[in-house]
Amino acid sequence: MKIPSLRTKDLLTVTDCSREEILELFEFTGKLKAQTKAGRQHHILKGKTLGMVFEKSSTRTRVSFETGILQLGGHALFLSKNDIQLGRGETIGDTAQVLSRYVDGIMLRTFAHDTIIGLAENASIPVINGLSDSFHPCQALTDFFTIYEREKDFSHVRLAYVGDGNNVACSLLLTAGILGVDISIACPGKYMPDRKVVDAAQKLAAATGVTVQITSDLDEAVQGATYLYTDVWVSMGMEKDTAKRKKDFKKYQINRKLLDKCAPGCRVLHCLPAHRGEEITDDVMDSPQSIVFDQAENRLHLQKALMCALMGKNRKGVFSWI
Ligand code: CP
Ligand code: NVA
């Protein structure tokens, strides 16, 4: 199996990768997934260690990275901010330099995106963004892989995202632009995605010949959608605004009525965790049109491919297992 090569040292946002690199990553993800399902071992990262630094909660990211590296013959260290010196004031730069002496890659889930930039700048080993306030690249790559494995190409895909213009929405926008997928985002006026990200996505989309639509109009956004996506109204770190957000987002819900306005057979996506009854109703989440648990599973396969591409090389840039 040919391991995909990424030119980047780190994955901080999806713009670290080109369209060709992402498609190569998807091919490899599919192969790893098939081997895993067939019970075949692939110890591509034998003896390698991933440090997983968490400043926020996680179910999927933690379990999929930890299980993923184990399946690749490596080992993960769960490093909660509360338990390491980072939580007592050691700088991110010093933490990066120290971890670089012990482990072969770092996954960070954090608040400010600058923290992850600081980590990557000071680490001599690959750094993977496991979610920041601004971006969630592993999620968006997984989501487009989930679509790709069903569709085989993106020419008939139209993705509509409904809800908060948050980290997930921003990563979806950029990935759609890179891969050439029509995307439409519907958010209440105050919760639109970052203007700089929208501009960047529009530039990428112009190059791949697709459209990026940002609107407050739900009906306009979901027209012709073949995939309908949502995320929580209150992201981690925004809990103090919960009451206001619940009011502001009330009509931005994926329910049967909205789904029926999409293209026939439209599939439903959600990065999870879901707040059932808020951004998505139970009947839609549990319907045959929902592929949210396939998405969750694919985090494992996609991140295994990503770790191979980033951590499979030795420090001279040569794949150590070849
Ligand atoms: N989707 C996602 O990143 O889930 P966790 O917060 O559980 O990791
Ligand atoms: N937007 C959500 C995603 C959780 C996976 C958050 O940041 O909390």
Side-chain angles (χ1 to χ4, degrees), residues 11-14 29 50-69 76 78-81 106-116 128-147 159 161-175 185-188 190-194 197 227 229-242 244-246 248-249 252-254 268-276 278-280 285 290-304 306-307:
L11 183 82
L12 307 191
T13 88
V14 288
T29 301
L50 177 74
M52 307 190 304
V53 182
F54 281 91
E55 297 189 327
K56 291 176 175 172
S57 308
S58 168
T59 298
R60 279 142 290 269
T61 304
R62 176 178 176 181
V63 178
S64 56
F65 268 107
E66 184 159 347
T67 305
I69 192 143
F78 174 68
L79 305 167
S80 161
K81 189 182 176 179
I106 309 170
M107 195 283 308
L108 172 64
R109 169 164 286 195
T110 190
F111 291 86
H113 191 69
D114 279 350
T115 307
I116 198 147
I128 299 173
N129 180 358
L131 181 146
S132 67
D133 286 346
S134 310
F135 300 108
H136 198 359
C138 295
Q139 183 66 54
L141 288 173
T142 300
D143 301 335
F144 280 93
F145 169 74
T146 305
I147 297 173
L159 177 63
Y161 173 97
V162 165
D164 189 13
N166 60 16
N167 43 10
V168 170
C170 285
S171 287
L172 290 174
L173 271 172
L174 294 171
T175 316
I185 305 256
C187 311
K190 274 182 290 182
Y191 300 95
M192 295 284 178
D194 186 315
V197 174
Y227 287 85
Y229 198 123
T230 192
D231 183 15
V232 288
W233 294 338
V234 185
S235 284
M236 289 178 278
M238 297 178 181
E239 291 78 5
K240 66 175 181 358
D241 302 327
T242 301
K244 178 162 173 40
R245 283 179 163 260
K246 278 192 185 175
D248 293 346
F249 283 105
Y252 291 79
Q253 181 190 63
I254 296 192
V268 175
L269 297 159
H270 191 312
C271 59
L272 305 181
H275 283 204
R276 288 167 175 259
E278 290 183 16
E279 77 278 0
I280 190 163
M285 177 111 167
S290 162
I291 53 170
V292 301
F293 298 113
D294 293 340
Q295 249 181 299
E297 177 190 329
N298 283 338
R299 290 288 301 277
L300 171 71
H301 307 299
L302 185 287
Q303 290 161 190
K304 280 170 71 181
L306 182 66
M307 286 189 283

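Atoms within a ligand are numbered from 1 in the order they appear, just like the ligands themselves.
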The answer for which part of Arg62 has a heavy atom under 4.0 Å from ligand 1 is neither
Just to verify, which of Asp194, Asp231, Val234 counts as forming a side-chain contact (heavy atoms from CB on, under 4.5 Å) with Asn166? Asp231
So which heavy atom in the protein is nearest atom 4 (O) of ligand 1, and how far is it from that ligand atom? Arg60 NE, 2.8 Å
With no hydrogens and no angle check, is any side-chain donor or acceptor of Thr230 less than 3.5 Å from a backbone partner on Val162? yes
Could you work out, for atom 1 (N) of ligand 2, the closest of Thr59, Asp164, Asp231, Val168 by heavy-atom distance? Asp231
In ligand 2, which numbered atoms sit nearer than 4.0 Å to a non-hydrogen atom of Asn166? 1 (N)
Using side-chain heavy atoms (C-beta onward) and a distance below 4.5 Å, is Tyr161 in contact with Leu173? no
If we only consider heavy atoms of Leu131, is any one of them less than 4.0 Å away from an atom in ligand 1? no
Option whose closest heavy atom lies nearest to atom 2 (C) of ligand 2, chosen from Ser235, Cys138, Ser57, Ser58: Ser235
Which of Val168, Val292, Leu131, Leu172 passes side-chain contact (heavy atoms from CB on, under 4.5 Å) with Cys271? It is Val168
Result of checking Ile291, Leu269, Thr142 against Ile147 for side-chain contact (heavy atoms from CB on, under 4.5 Å): Leu269
Is there a donor-acceptor contact under 3.5 Å from the side chain of Lys56 to the main chain of Thr110? yes
Close side-chain approach of Cys170 and Ser134, heavy atoms under 4.5 Å: no
Quick one: look up the protein heavy atom nearest atom 7 (O) of ligand 2 and list residue, atom name and how far away it is. Asn167 ND2, 2.9 Å
Does Gln295 offer a backbone N or O that forms a donor-acceptor pair with the side chain of Glu297 under 3.5 Å? no
Would you mind telling me which of Ile69, Ile128, Val53, Leu11 makes a side-chain contact (heavy atoms from CB on, under 4.5 Å) with Met107? Ile128
Does Thr61 approach ligand 2 within less than 4.0 angstrom via side chain, backbone, both or neither, non-hydrogen atoms only? neither
Side chain or backbone of Leu131 under 4.0 Å from ligand 2, or both, or neither, by non-hydrogen atoms? side chain
Nearest non-hydrogen contact to atom 6 (O) of ligand 1 from the set Gln139, Arg109, His136 belongs to Arg109
What protein heavy atom sits nearest atom 7 (O) of ligand 1, and how far off is it? Thr59 N, 2.7 Å
Rounding to 0.5 Å, atoms CZ (Arg245) and CH2 (Trp233) come to a distance of 11.5 Å
Polar-atom distance check: Arg109 versus ligand 2, any N or O pair below 3.5 Å? no
Distance-only N or O hit between ligand 1 and Met236, under 3.5 Å: no
Short N/O distance, under 3.5 Å, between Cys271 and ligand 1? yes
Considering only protein heavy atoms, which is closest to atom 8 (O) of ligand 2, and at what distance to one decimal place? Met236 N, 2.8 Å
Check Thr67, Asp143, Thr61 against Arg299 for a side chain to side chain donor-acceptor pair (under 3.5 Å) and give me the one that passes. Thr61
Report, in ascending order of atom number, the atoms of ligand 2 lying under 4.0 Å from any heavy atom of Leu272. 5 (C)
Nearest to atom 2 (C) of ligand 1, what protein heavy atom do you find, and at what distance? Arg299 NH1, 3.3 Å
